[in-house]
*Asks:* 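This is the structure I have questions about; it appears just below.
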Amino acid sequence: MSDASSETGLDLDELREAIRCEYRAVAKEPDKGYHFHTGRRLAKIVEYRDEWLDAVPEKVVACFAGTGNPFSIAPLAPGERVVDLGCGAGIDSFIAASQVGESGAVIGLDMTTEMTEKARAARDEAGVKQLDFRQGYLESIPVEDGWADVVISNGALNLCPNKASAFGEIRRVLKPGGRIQIGDIMVHKPVSDSAKKKIDLWTG
Amino acid sequence: MVEQAGFEDFEITWKAPVFEGAPQSSSAAKFGTVGINYRARKPA
């Protein structure tokens with residue numbers, strides 16, 4: 001068993017493929033109807049401001065599948081460097097890029113090829129120079145040590161099978177004094193070990 | 001988990017039933033799952 005699967009005992013490749021399958025579908029058919037809300041309806045639920053969404057291409061907004069609102073915690077400052085973990089099609093990366101401006105930089109990271117391709121195409125079309133999208137895993141963030149002022153994420157860390165590794169990586173890429181602003185989920189009822197091993201519960 | 005990873009000033013700032021009314025049923029209600037926002041800081 002690899003270290004990355006040891007927290008749950010799940011087959012890491014199988015879990016990741018199940019998650020990719022779910023979000024590949026969102027990238028291709030965002031309005032299909034899932035066990036979570038998507039797009040502008042979801043953005044309203046999690047209290048995104050209309051002016052933030054003005055900075056985001058509509059096809060990117062349509063793929064929004066987060067669970068919270070990293071920007072309601074605190075605004076990002078001009079010139080800051082930001083990493084967006086599990087960025088999907090890039091809604092939060094685009095908002096972050098608009099807040100940090102051209103003197104800042106944003107790196108969006110996602111493991112799903114279709115999401116990353118969609119994000120890069122939208123970035124190229126919009127001409128946002130301070131925005132970069134990379135493909136990879138939260139347990140091995142392709143960003144240099146101490147690069148980021150802020151790490152944001154929205155609905156992705158709960159899908160990460162080895163959260164200790166992911167938080168270790170977040171700490172590594174942050175500057176001393178750097179902050180995390182994260183949207184995620186919390187469960188109020190106990191989840192049994194057997195339930196944690198059911199992949200369909202991770203994705204649904 | 002966040003504090004165990006060496007972060008400080010951890011705070012949950014918001015909670016909401018973000019899965020309520022989703023197009024497909026999910027396990028969210030069974031486990032009392034809600035959306036949250038939280039923040040923390042790497043020590044300087």
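Just so we're on the same page: letters track the sequence lines, and every chain starts at 1. Only heavy atoms go into these numbers, but all of them, side chains included; no hydrogens, no water, no symmetry mates. Here the structure is a predicted model, which is why all the values come from computation and not from measurement.
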*Asks:* What distance do Ile73(A) atom CD1 and Trp14(B) atom CH2 have between them, rounded to the nearest 0.5 Å?
*Replies:* 10.0 Å

*Asks:* To the nearest 0.5 angstrom, please state how far the NZ atom of Lys163(A) sits from the CD atom of Gln4(B).
*Replies:* 13.0 Å

*Asks:* Quick one, His37(A) and Pro23(B) - any side-chain contact, counting heavy atoms below 4.5 Å?
*Replies:* yes

*Asks:* Please rank Pro17(B), Gly21(B), Gly32(B) by heavy-atom pairs under 4.5 Å with chain A and give me the top one.
*Replies:* Gly32(B)

*Asks:* Pick one of side chain, backbone, both or neither for Glu8(B), based on which atoms fall under 4.5 Å of a heavy atom in chain A.
*Replies:* neither

*Asks:* Using non-hydrogen atoms and a 4.5 Å limit, figure out which bit of Thr38(A) sits close to chain B: side chain, backbone, both or neither.
*Replies:* neither

*Asks:* Looking at side-chain heavy atoms only, is the closest gap between Ile180(A) and Phe10(B) below 4.5 Å?
*Replies:* no

*Asks:* Between atom NZ of Lys42(B) and atom CD1 of Ile170(A), what is the distance when rounded to the nearest 0.5 Å?
*Replies:* 11.5 Å

*Asks:* I need the minimum non-hydrogen distance between Phe167(A) and Ala5(B), along with the two atoms involved.
*Replies:* CB-CB, 3.5 Å

*Asks:* Kindly compute the distance separating CG (Asp9(B)) from CZ (Arg179(A)), expressed to the nearest 0.5 Å.
*Replies:* 12.5 Å

*Asks:* Nearest 0.5 Å, please: how far is CD1 in Ile182(A) from CD1 in Ile36(B)?
*Replies:* 9.0 Å

*Asks:* Determine the option with the most heavy-atom pairs under 4.5 angstrom with chain B, choosing from Gln181(A), Arg41(A), Lys175(A).
*Replies:* Lys175(A)

*Asks:* Check whether any side-chain N or O of Asn37(B) sits under 3.5 Å from a backbone N or O of Gly68(A) as a donor-acceptor pair, and report yes or no.
*Replies:* no

*Asks:* Is there side-chain contact between Ile185(A) and Phe31(B), with at least one heavy-atom pair below 4.5 Å?
*Replies:* no

*Asks:* What are the two closest heavy atoms between Arg171(A) and Pro43(B), and how far apart are they?
*Replies:* NH1-CD, 4.0 Å

*Asks:* Let me know if Ala40(B) has heavy atoms under 4.5 Å from chain A in its side chain, its backbone, both or neither.
*Replies:* both

*Asks:* For the CD atom on Glu51(A), are there more than 12 heavy atoms of other groups (residues, nucleotides or ligands in this structure) within a distance under 6.0 Å?
*Replies:* yes

